[in-house]
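Residue numbering restarts at 1 for every chain, and letters A, B, ... go by the order of the sequence lines.
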Protein chains: 2
Amino acid sequence: MPIHKDPDPKGRAWPLFLATHSRLMERIEDALARAKLPPLAWYDVLWELEKAPDQRLRMHQLAERIVLSRSNLTRLADRLEAAGLLRREPCPDDRRGSFCVITQAGLDTRKTMWPVYGEQIEVLFARHLSVAEAEMLVKVMTRMLVVKQE
Amino acid sequence: MPIHKDPDPKGRAWPLFLATHSRLMERIEDALARAKLPPLAWYDVLWELEKAPDQRLRMHQLAERIVLSRSNLTRLADRLEAAGLLRREPCPDDRRGSFCVITQAGLDTRKTMWPVYGEQIEVLFARHLSVAEAEMLVKVMTRMLVVKQE
DNA sequence: AAAATATAGTTGCAATTTCAACTATTTCAT
DNA sequence: ATGAAATAGTTGAAATTGCAACTATATTTT
């Protein structure tokens, strides 16, 4: 059985990368919505806070970890705070800034979201990867993330 | 030189995938904006139309190719049309529908955007892939895209 | 051939995102 | 120490997105 080599795998990889991302996100958001759960962005915030030392992060740390503009994060945090999933606390060292601290309700919500989210990751993504492929993906994407602007 | 295997490459791959996508999109949009060019979504639409037979597509075909909700696409097309980059034409076979047809200005704009966009793809993405890695990426992502809902 | 159902695309409205401007500190360079 | 520049975070206003409802036409069922 002859193998037909793709004449330009690099040229095809990028559009596929974009399409895959859109499609997977669409499905994940849909699964969360069907389960009456908050959107993925909320999960990201909650999870970063839960992992963080003292379960708290400054706004800018959070913004950089979840790759979100500052103003965007301010309002995302507003919504999470309004829902009681986090609270803001003044920062003693720097009176300009504040911490976001995850609340018990936030921990609970994150835990409730995980089975739904995790199942989608498995079905849509992980299932299609061998361990070797996953390792290669990690290597490749790590390289891409390291690139400095300009 | 000992190799330290990642204990859980699959678990790391997904968050990295999300982060890589955000970061790369951010950089690309930024590069386009700095060059006073339209956003990436416009490029996608123009390129799909340019490639299409007769340089035209029905709204639903376009929506499915660029992975965008219908209503979202209606308004994206409105903007492109307002900018003179495409025009709508009634569909003779189906009086509910219409075609989007790319205009000469649309072809020109797509061509102007490409060097900027293409350079970012190279610098941020393609440069970090060997041919073998690109081939693997294509294989893996193709699998993921084939998954049927439910 | 009528009624029921499905598909194409648009639109109102509310939610979210973006951009630029703004306040309040903090840090740096004289 | 003082003024200039940088950083933290928020906010108003405009642009974009998403959801649900809606119009119009096509297709299927009886």
*Round to a whole Å and report the spacing from CG of B:D93 to P of D:dA26.*
10 Å
*When the nearest nucleotide of DNA chain D is assigned to B:R96 and to A:R88 on a heavy-atom basis, which residue is associated with the more 5' position?*
A:R88
*A:L86 has an atom CG; how far is it from atom P of D:dG9, in whole Å?*
13 Å
*Report yes if a side-chain nitrogen or oxygen of B:H60 is closer than 4.0 Å to either non-bridging phosphate oxygen (OP1 or OP2) of C:dG9; otherwise report no.*
yes
*Between atom CG in A:L32 and atom C1' in D:dG18, what is the gap in whole Å?*
16 Å
*Please report, rounded to the nearest Å, how far the P atom of C:dA8 is from the CG atom of B:L57.*
14 Å
_Between B:R34 and B:D30 (salt bridge meaning N to carboxylate O under 4.0 Å), is one present in this structure?_
yes
*Is there side-chain contact between A:R70 and A:M59, with at least one heavy-atom pair below 4.5 Å?*
no
*Return the value, rounded to whole Å, for the distance between atom CG of A:L80 and atom P of D:dT10.*
13 Å
*Can you tell me if A:Y117 and B:W14 form a side-chain donor-acceptor pair at under 3.5 Å?*
yes
_Atom-pair distance (CG on B:L73; P on D:dG18), nearest Å_ = 12 Å
_Do B:R12 and B:D8 have side chains that approach each other closer than 4.5 Å (heavy atoms only, starting at C-beta)?_
no
*asked:* I'd like to know if the side chain of B:K10 reaches the main chain of A:L129, judged simply by a donor and an acceptor atom lying under 3.5 Å from each other, with no hydrogens or angles considered.
replied: yes
*Of A:S98 and B:R95, whose closest DNA chain D nucleotide lies nearer the 5' terminus?*
A:S98
_Can you give me the closest heavy-atom contact between A:L86 and A:A77, atom names plus distance?_
CD1-O, 4.0 Å
*Would you mind reporting whether A:P39 and A:E29 have side-chain heavy atoms less than 4.5 Å apart?*
yes
*Protein-to-nucleotide contact annotation, 5' to 3' order, nucleotides 11-19 of chain C [B base; S sugar-phosphate only; - none; under 4.0 Å, heavy atom]*: BBB--SSBB
*What is the distance, rounded to the nearest whole Å, between atom CD of A:E81 and atom P of D:dG9?*
14 Å
*When the distance from CG of A:L62 to P of D:dT10 is rounded to whole Å, what number comes out?*
11 Å
